K.L.:
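Structure incoming, see below.
Per chain, numbering begins at 1; letters A, B, ... match sequence-line order. Being a predicted model, the structure only gives us computed values, none of them experimental.
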There are 2 protein chains.
Amino acid sequence: MKEEKKKISIRDIAKQLNISVTTVSFILNGRAKEKRISDHLKEKVEKLVKEVNYKPNRLAQSLRTGKTRILGFMVEDISNPFFANIARYIEEQAYREGYKILYCSTENDREKTQELISMFRERHVDGYIITPPCGVEEDIKALLLDKLPVVLFDRYFPEINVPAVVVENKKGTYNAIKSLIEQGYKNIAFVTVESDQSQMMDRLQGYEQALREHEMLPNILKVKFHDATETIVQKIVEFIRTTDTVDALFFATNYLGVRGLEAIRREGLVMPDQIGVITFDDHDVFQLHNPSVTAVSQPIEEIARQLISNILNQLDESEGVEHPQTVVLPCVLMNRKSSIRSLP
Amino acid sequence: MKEEKKKISIRDIAKQLNISVTTVSFILNGRAKEKRISDHLKEKVEKLVKEVNYKPNRLAQSLRTGKTRILGFMVEDISNPFFANIARYIEEQAYREGYKILYCSTENDREKTQELISMFRERHVDGYIITPPCGVEEDIKALLLDKLPVVLFDRYFPEINVPAVVVENKKGTYNAIKSLIEQGYKNIAFVTVESDQSQMMDRLQGYEQALREHEMLPNILKVKFHDATETIVQKIVEFIRTTDTVDALFFATNYLGVRGLEAIRREGLVMPDQIGVITFDDHDVFQLHNPSVTAVSQPIEEIARQLISNILNQLDESEGVEHPQTVVLPCVLMNRKSSIRSLP
DNA sequence: CTGAAAGCGCTAACAG
DNA sequence: CTGTTAGCGCTTTCAG
């Protein structure tokens, strides 16, 4: 049995070998060559470190260097499959680079987000990956002012010069609506959430533009982000009933799509004949649903990849250059039966 | 404009008020009364702290106290809706108590998990919430030995005396299988994942027991956890084809259920008439599917609640008592059309 | 009631 | 090449 006693420190291993902590520190930080430390000594140190399973105390390291190698990941709702999937990819890539991830859900709440940002600052996270709700512009600016690496995603603030990773929300929606029009749908409604966030505005604009080009009139249902599941379903049901000329629905988010399918089922409407359906953001539910549901699919893995590489870049370029680089990724329209009358 | 200059420390605010840091520290830590510090002084300090928006450096605090107020949350896969939902509830409750959460996915990989545990230790997380893969028993024991708060969930190690939050896997499955039998299904197959984890073994046992009681023969398909989505679908398709007497399927996890539905769709089988289906763990997909799919639902919110309260308890009882308290929560069989022939 | 001072464990400038 | 040492910012004992 090895005795592991109390926590062992860099001092202990220096003492053990009768050398200075500096030497040990240099070796441990891969600066042995640079400091011309003998290979022999280097090996001796590394051997002992293995033997006693010494791990530097990250807290002390962080206090000293100011770097925590922790990233803050703030999303609307971690249980939303879109964000949960991003989380998975982000994690994979971050861990590979030695970063850990602190997550939290903003619930699109300004105050909560501000508090969260403040907490992350206290914790000295090295970088911020954020889906910002409206109203936190100043807080983001403050981060920027303090030269902290930030990258927004899903939505962004056009008026702030900050890196962001988003998708072609307008174009994606525009194409989807056009596809509905081409399928012969005459009265296409847009179900969205009350929000001034950029991605929701863009989707709305894509809808409006497509209609305008075909001289059709918009027909919009807005629910509240914080409405309960059942409330949303009921609002959609009601909407379908009261505007009975509607023959197609576009849902602006995945959870609206899920609620919408429930509403359609309750109303006993048949897709794609009685009602055409497309939703933004793909999801298991939509592929498996009978009939399968057309979706505007976002490149989740690529979004995650861009987020991480962007933040790591900022972390690397030790406070050197400015690089608010915004990336706009394309969406793919996954045509399925809910919107295509000719599909088997 | 307030000047915020460089990071402000407890020293600065002490100096500013011409008092000692000790006093400030006491006040900030709510020990003013205890230390008989004048209300007047207390207010003065609090006022200044507000004014300059001073936030103690958590890193220094942690280094000093050894507490980080960070919890480590290790799950099989954060993008699995079951775990993502738990994450959401865990987060909510942890943040309320001032704890942040570091998450990671183990992918059921022993080595990866060991590394992850070791990383969390380096980071000095205050508590560990873990869904352990097989083979990490010793690592869990090591945590215990070092008096670190740990709570397992989803699966557990019967041979180790460690708190855990699990569900009635055997009973839940047993009831589901019985329900299939009562519906008249004669040849019920069990689709699971190759794994010796307790929850999978328990589910299998529930299946076997139900069959035994009715003198029916087991029929089991095991796929690999790391099989690709498409591979799993194909294996299930093949299984259905080769064992064409099968008239009901039980899927032992939510993702197997999702793959299974895809396989059934491809084979063009009709539920519940040609094939009865029940799956473990509920999911949007199962509610919305047409026909809707019967599921053994786990009490997600309650699981999260128990996890947090258990870990917080351990954190409170400052290394006092032993309390490896295991909680076993009931599941609910959500009867839906895929397994009930009489349902409309 | 309050202040001085000793670290927590590590990094890195500086001086051999 | 290596050792000494000064903090990083905070908590807390011990003396007044």
K.L.:
Determine which pairs satisfy salt bridge (Lys or Arg N to Asp or Glu O under 4.0 Å) with at least one residue from residues 12-21 of chain B, sequence neighbours left out, and list them in order.
P.N.:
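Qualifying pairs: none.
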
K.L.:
State which residues pass side chain to side chain contact (heavy atoms under 4.5 Å, CB included) with B:Asn18; sequence neighbours excluded, sorted by chain then number.
P.N.:
none

K.L.:
For A:Lys15 and D:dT4, give me the distance from atom NZ to atom C1', rounded to whole Å.
P.N.:
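Spelled out: NZ on A:Lys15 to C1' on D:dT4 is 14 Å.
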
K.L.:
In residues 23-34 of chain A, what residues come within less than 4.0 Å of DNA chain D, judged by heavy atoms?
P.N.:
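Going residue by residue through residues 23-34 of chain A, the ones with a heavy atom under 4.0 Å of DNA chain D turn out to be A:Thr23.
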
K.L.:
Please list, chain by chain and in numerical order, all residues satisfying side-chain hydrogen bond (donor to acceptor under 3.5 Å, both in side chains) with B:Arg11, sequence neighbours excluded.
P.N.:
none

K.L.:
I need the full list of salt bridge (Lys or Arg N to Asp or Glu O under 4.0 Å) pairs touching residues 127-139 of chain A, with sequence neighbours left out, sorted by first then second residue.
P.N.:
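Sorted pair list: A:Glu138-A:Lys141.
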
K.L.:
Who passes side-chain hydrogen bond (donor to acceptor under 3.5 Å, both in side chains) against B:Ser198, sequence neighbours left out?
P.N.:
none

K.L.:
Indicate every side-chain donor-acceptor pair of residues 93-103 of chain A with a distance under 3.5 Å to a residue at least two apart or in another chain.
P.N.:
{"from": "A:Tyr95", "atom 1": "OH", "to": "B:Tyr103", "atom 2": "O", "distance (Å)": "2.6"}
{"from": "A:Tyr103", "atom 1": "OH", "to": "B:Ala87", "atom 2": "O", "distance (Å)": "2.7"}

K.L.:
Under the side-chain hydrogen bond (donor to acceptor under 3.5 Å, both in side chains) rule, what pairs show up with a residue in residues 125-134 of chain A, not counting sequence neighbours?
P.N.:
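Residue pairs passing side-chain hydrogen bond (donor to acceptor under 3.5 Å, both in side chains), neighbours aside: A:Thr68-A:Asp126.
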
K.L.:
Remember a base hit wins even if backbone is also touched, and classify B:Ser62 as base, sugar-phosphate or nothing at under 4.0 Å, heavy atoms.
P.N.:
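Contact class for B:Ser62: none.
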
K.L.:
Quick one: A:Asn18 CG to D:dT2 C1', roughly how many Å, whole number?
P.N.:
13 Å

K.L.:
Can you tell me how far P of D:dT11 sits from CZ of B:Arg69, to the nearest Å?
P.N.:
13 Å

K.L.:
Would you call B:Lys112-B:Glu115 a salt bridge at under 4.0 Å N-O?
P.N.:
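The answer is no: the pair does not qualify as a salt bridge.
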
K.L.:
Mind checking if A:Asp12 touches a base, just sugar-phosphate, or nothing, with heavy atoms under 4.0 Å?
P.N.:
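Touches nothing.
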
K.L.:
Going by the rule side-chain hydrogen bond (donor to acceptor under 3.5 Å, both in side chains), which residues pair with A:Arg64 if we only count those two or more places apart in sequence or in a different chain?
P.N.:
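Once residues adjacent in sequence are excluded, A:Arg64 has no partner under the side-chain hydrogen bond (donor to acceptor under 3.5 Å, both in side chains) criterion.
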
K.L.:
Would you jot down, in residue-number order, the residues of residues 114-122 of chain B having a non-hydrogen atom under 4.0 Å from DNA chain D?
P.N.:
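Within this stretch, nothing sits under 4.0 Å of the strand.
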
K.L.:
Which pairs count as salt bridge (Lys or Arg N to Asp or Glu O under 4.0 Å) when at least one residue sits in residues 149-166 of chain B, sequence neighbours excluded?
P.N.:
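Output for this query lists B:Glu76-B:Arg155.
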
K.L.:
Quick test: give all pairs of protein nitrogen or oxygen and nucleotides 5-9 of chain C nitrogen or oxygen below 3.5 Å, distance rounded to 0.1 Å.
P.N.:
{"from": "C:dG7", "atom 1": "N2", "to": "B:Arg64", "atom 2": "NH1", "distance (Å)": "2.8"}
{"from": "C:dG7", "atom 1": "N3", "to": "B:Arg64", "atom 2": "NH1", "distance (Å)": "3.4"}
{"from": "C:dG9", "atom 1": "N2", "to": "A:Ala60", "atom 2": "O", "distance (Å)": "3.4"}

K.L.:
What are the two closest heavy atoms between B:Ile86 and B:Phe73, and how far apart are they?
P.N.:
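Minimum heavy-atom separation between B:Ile86 and B:Phe73: CG2-CZ, 3.9 Å.
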
K.L.:
Using a cut-off of less than 4.0 Å, is there contact between a side-chain N or O of B:Ser20 and OP1 or OP2 of C:dT2?
P.N.:
no

K.L.:
Starting at CZ of A:Arg123 and ending at P of D:dC8, how long is that distance when rounded to a whole Å?
P.N.:
22 Å

